[in-house]
Student: 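Quick one: the structure is below, questions incoming.
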There are 2 protein chains.
Amino acid sequence: MGVKLGILGLGTVGTGTVQLLQDLVGRHPLLQEIEIYRVGVRSLSKPRAVELPEGIITTDLEAIVNDPTVDIVVEVMGGLEPARSLILKALSHGKHVVTANKAAIARFGAEIFTAANQAGVYVMLEAAVGGGIPVIQPLKQSLSVNQINAVTGIVNGTTNYILTRMQTEGSNFDDVLADAQKLGYAEADPTADVDGLDAADKIAILASLGFGGRIHLEDVYCEGIRQVSKTDIAYAEKLGFAIKLLAIAKRTFSSPSSPLSVRVHPTLVPKAHPLASINGVYNAILVEGEPIGQVMFFGPGAGAGATASAVSADILNLVATLKTSTTNPNPLLACRHQDYCEIAPIAELVTRFYARFLTKDRPGVIGKLGTCFGNFGVSLESIVQTGFQEELAEIVVVTYDVQEGNFRQALAEIRNLEAIDSIPSILRVL
Amino acid sequence: MGVKLGILGLGTVGTGTVQLLQDLVGRHPLLQEIEIYRVGVRSLSKPRAVELPEGIITTDLEAIVNDPTVDIVVEVMGGLEPARSLILKALSHGKHVVTANKAAIARFGAEIFTAANQAGVYVMLEAAVGGGIPVIQPLKQSLSVNQINAVTGIVNGTTNYILTRMQTEGSNFDDVLADAQKLGYAEADPTADVDGLDAADKIAILASLGFGGRIHLEDVYCEGIRQVSKTDIAYAEKLGFAIKLLAIAKRTFSSPSSPLSVRVHPTLVPKAHPLASINGVYNAILVEGEPIGQVMFFGPGAGAGATASAVSADILNLVATLKTSTTNPNPLLACRHQDYCEIAPIAELVTRFYARFLTKDRPGVIGKLGTCFGNFGVSLESIVQTGFQEELAEIVVVTYDVQEGNFRQALAEIRNLEAIDSIPSILRVL
Ligand SMILES: NC(=O)c1ccc[n+]([C@@H]2O[C@H](COP(=O)([O-])OP(=O)(O)OC[C@H]3O[C@@H](n4cnc5c(N)ncnc54)[C@H](OP(=O)(O)O)[C@@H]3O)[C@@H](O)[C@H]2O)c1
Ligand SMILES: NC(=O)c1ccc[n+]([C@@H]2O[C@H](COP(=O)([O-])OP(=O)(O)OC[C@H]3O[C@@H](n4cnc5c(N)ncnc54)[C@H](OP(=O)(O)O)[C@@H]3O)[C@@H](O)[C@H]2O)c1
């Protein structure tokens with residue numbers, strides 16, 4: 001037997017990976033060189049869906065990363081610690097690492113890749129973004145001959161599931177969330193998904209690979225979907241848009257030296273755009289570059305099988321590397337960048353906006369809105385006013401491209417207008 | 001300077017590739033190791049869109065593939081000969097080859113890969129299918145840990161453009177084809193595209209990679225789009241389908257040892273299916289496997305820039321290999337299979353069908369149709385009859401899954417019914 005794996009974690013992803021590696025018919029023959037040597041867990045008494053020979057499962061994870069016979073450590077335990085320390089220890093002992101842990105990579109990527117480069121080993125993370133979708137390796141290899149201009153993704157299945165159901169059923173966020181929790185599509189504590197934090201981790205990773213620089217997670221602007229109402233979804237629909245939680249990394253102007261804008265927020269996506277029809281728990285990542293144009297990767301963003309496919313693909317790559325390479329690092333597998341990307345503040349973003357206003361029954365309220373917008377150079381693409389309800393009218397506007405800072409200043413002025421009752425929603429438009 | 005390229009051809013793809021390699025800002029730094037050493041063309045007097053130093057452009061293509069200083073030969077001249085002989089010569093001299101030539105690979109793949117394996121070099125063909133879309137490498141690497149069940153693609157931009165326009169404009173095939181030729185979206189001789197031959201070449205290549213076996217091109221069943229009428233597109237639309245020219249490679253039953261069905265034909269695709277909304281010249285390839293589920297790759301299927309991206313990605317991969325590998329072949333880059341796949345005849349295909357009948361005004365014609373179908377075990381999912389025109393009524397049926405052979409026998413019987421005037425269209429349904 002050739003290559004010895006030490007797997008940290010035997011939950012959803014770990015179990016899926018072991019199942020894949022235990023049934024090799026019809027798969028790449030190189031997988032036959034792999035031996036599942038140790039699997040680390042928290043509890044020895046928990047029932048497991050896979051059978052492993054005596055002595056393989058252990059609670060001593062330190063021993064796995066320190067064991068000189070382990071060639072590859074597969075970290076599928078999740079969480080920040082002890083995952084971070086175990087990864088660093090494995091690297092310092094010259095072991096390659098495969099991880100599905102976007103939270104750890106988005107936070108400790110710099111430390112982890114530095115350690116890997118020093119040790120001359122690789123950290124593979126296909127499963128960290130987009131579940132089974134092969135997107136990390138294409139970004140590192142095939143697409144890297146392009147000047148990348150933008151990476152735009154629907155990278156969180158839970159929020160896409162919620163928004164899809166809100167759209168098709170006309171339901172409220174709270175109701176769909178509660179039901180999604182019952183059905184297992186959302187966690188008991190939904191914060192990481194619903195507030196966009198998981199998507200922020202993922203776009204930080206994609207941006208880093210696409211643009212060849214490190215990303216400070218704090219520089220990623222992040223807005224979740226709690227504020228998206230069924231009213232907005234209905235208006236968006238009427239105006240020809242679907243509302244999606246997009247994770248976007250984009251050059252602020254079209255030059256390879258321009259700063260990036262990296263952000264997560266609910267977004268009105270034109271119906272004809274390829275991302276508008278990505279529904280349910282599916283993920284999709286759209287990459288735009290020169291000269292390739294637009295390519296999109298679509299598939300299941302989570303789940304035992306899909307994620308196991310990505311983890312196993314990384315293992316396969318490392319086995320191939322172990323069998324063929326000299327001591328020179330393979331520049332297509334190594335993480336080549338050490339500098340940080342310059343990130344523009346959200347106020348400098350140039351985008352279209354959607355805003356919904358509740359106004360009192362005053363003559364000329366549309367004119368006043370228009371004047372305030374005009375004062376800050378905001379041009380309106382469309383404006384819709386609907387009937388009065390309880391003395392209040394609803395006005396929905398979509399702007400042309402405008403700098404976010406200017407738009408916010410106009411809003412501040414509008415908020416002070418006597419005729420304005422409130423501004424229940426403000427969303428960006430792709 | 002490190003790696004020396006000999007490029008055969010400086011047309012659309014060759015020029016795009018040279019342009020990419022001459023402007024390296026923002027691209028993978030490894031591309032800086034590449035030297036464009038020779039470029040072979042037919043005519044020295046033709047004006048070129050790229051500038052190259054004196055002496056690089058030559059009409060002596062034999063000299064390029066025989067030159068010991070050339071490391072990688074990039075075949076972007078197209079056609080069967082002399083492309084085949086030049087590729088074989090390059091391989092026999094130990095040079096890696098990058099090619100965009102699906103016609104040559106689909107026909108001479110066995111010969112070419114055998115020669116490459118003997119010489120210990122690689123033949124890379126990302127650009128041969130799906131233009132810029134990274135799909136060959138994911139199939140060879142990331143996705144190869146899955147048991148692949150099906151690869152389904154819209155892989156010919158010309159026919160997808162024609163079908164999309166027929167659908168949106170309600171126009172006839174002949175009119176759209178003529179206009180597409182005027183606009184440069186279809187060639188003067190449209191046979192390779194319109195009759196499905198180009199798509200057949202591509203699905204043979206995809207099937208070979210996806211299922212790990214060689215494919216005899218003659219085993220690929222092939223039907224083009226000339227018979228698709230605007231009437232069928234309108235009926236399909238009403239029934240909830242778009243008509244697409246699909247290239248399909250699929251296990252006939254779900255076991256890794258089952259024969260494949262490999263085929264190209266116009267197909268009714270349910271509107272909610274991810275391939276139904278791929279419009280215009282875009283391509284998309286949907287891969288289904290266990291445990292990954294469905295993943296789809298979408299992007300520009302042709303064009304100078306997109307194809308240059310794929311060619312350059314292959315070159316980059318080879319440069320990385322040249323810099324890191326020992327003499328062991330990299331099993332992720334080598335083409336690992338030597339056996340042929342078993343292909344089931346089209347008569348054994350199990351699929352749904354759409355058929356349109358013109359019937360004379362006879363009582364009980366639907367009953368008679370139903371009886372004939374029933375005799376051969378064909379169940380009907382829907383049946384639509386429309387008003388009479390010039391004494392003829394139109395009946396459209398969609399069947400449940402049925403074996404193609406049985407369906408054809410039922411049709412033969414139906415054709416003999418006195419009430420049946422003609423059967424203008426028969427299409428498969430996804
Ligand atoms: N689930 C998905 O669809 C998915 C998709 C993409 C990426 N990921 C990522 O994959 C990773 C794993 O996710 P998962 O869903 O498989 O998690 P999970 O089901 O909660 O499994 C975690 C596993 O790690 C073990 N573990 C956790 N902390 C441990 C500790 N301190 N000491 C020893 N063992 C410990 C657990 O042991 P016990 O079994 O003994 O409790 C369990 O086997 C996470 O980083 C996640 O973000 C998951
Ligand atoms: N165009 C696309 O979008 C696309 C997309 C995917 C794949 N491909 C594939 O890429 C390949 C090239 O396509 P292309 O569109 O670039 O073709 P093209 O524009 O016709 O260019 C062909 C080039 O090869 C040279 N050439 C052809 N036969 C030759 C011979 N016998 N001796 C010397 N030089 C010869 C021509 O020389 P001159 O310039 O002197 O005439 C020309 O530079 C084909 O296999 C095609 O299927 C093309």
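A note on names: the letters A, B, ... follow the listed sequences, proteins ahead of strands, and every chain is numbered from 1. The structure presented is a predicted model; accordingly, all values stated were derived computationally and were not measured.
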Student: For A/Ile292 and B/Gly132, work out which heavy atoms get closest and say how close.
Tutor: CD1-O, 3.2 Å
Student: Could you look at A/Leu143 and say if it's the side chain, the backbone, both or neither that has a heavy atom under 4.5 Å from chain B?
Tutor: side chain
Student: Any chance OH of A/Tyr185 has more than 12 other-residue heavy atoms, nucleotides or ligands included, within less than 6.0 Å?
Tutor: no
Student: Based on non-hydrogen pairs under 4.5 Å, which of A/Ile133, A/Leu286, A/Leu20, A/Ile315 is most in contact with chain B?
Tutor: A/Leu20
Student: What are the two closest non-hydrogen atoms of A/Pro134 and B/Val295, and how far apart are they?
Tutor: CD-CG1, 4.4 Å
Student: In terms of heavy-atom proximity below 4.5 Å to chain B, should A/Gln19 be classed as side chain, backbone, both, or neither?
Tutor: neither
Student: What are the two closest heavy atoms between A/Val145 and B/Ser309, and how far apart are they?
Tutor: CG2-O, 3.4 Å
Student: If you look at every heavy atom in A/Ser142 and B/Gln137, which pair is closest and at what distance?
Tutor: OG-OE1, 3.3 Å
Student: Counting only heavy atoms not in B/Lys202, do more than 12 sit closer than 6.0 Å to its NZ atom?
Tutor: yes
Student: Please walk me through it: do B/Phe297 and A/Met296 pass side chain to side chain contact (heavy atoms under 4.5 Å, CB included)?
Tutor: CA-CA 6 Å; B/Phe297 302 83; A/Met296 191 175 81; over 6 Å; no
Student: So, for A/Gln147 and B/Arg27, which heavy atoms are closest and what is the spacing to 0.1 Å?
Tutor: N-NH1, 3.2 Å
Student: Go through B/Gly299, B/Gly131, B/Pro300 and name the one with the most non-hydrogen pairs under 4.5 angstrom from chain A.
Tutor: B/Pro300
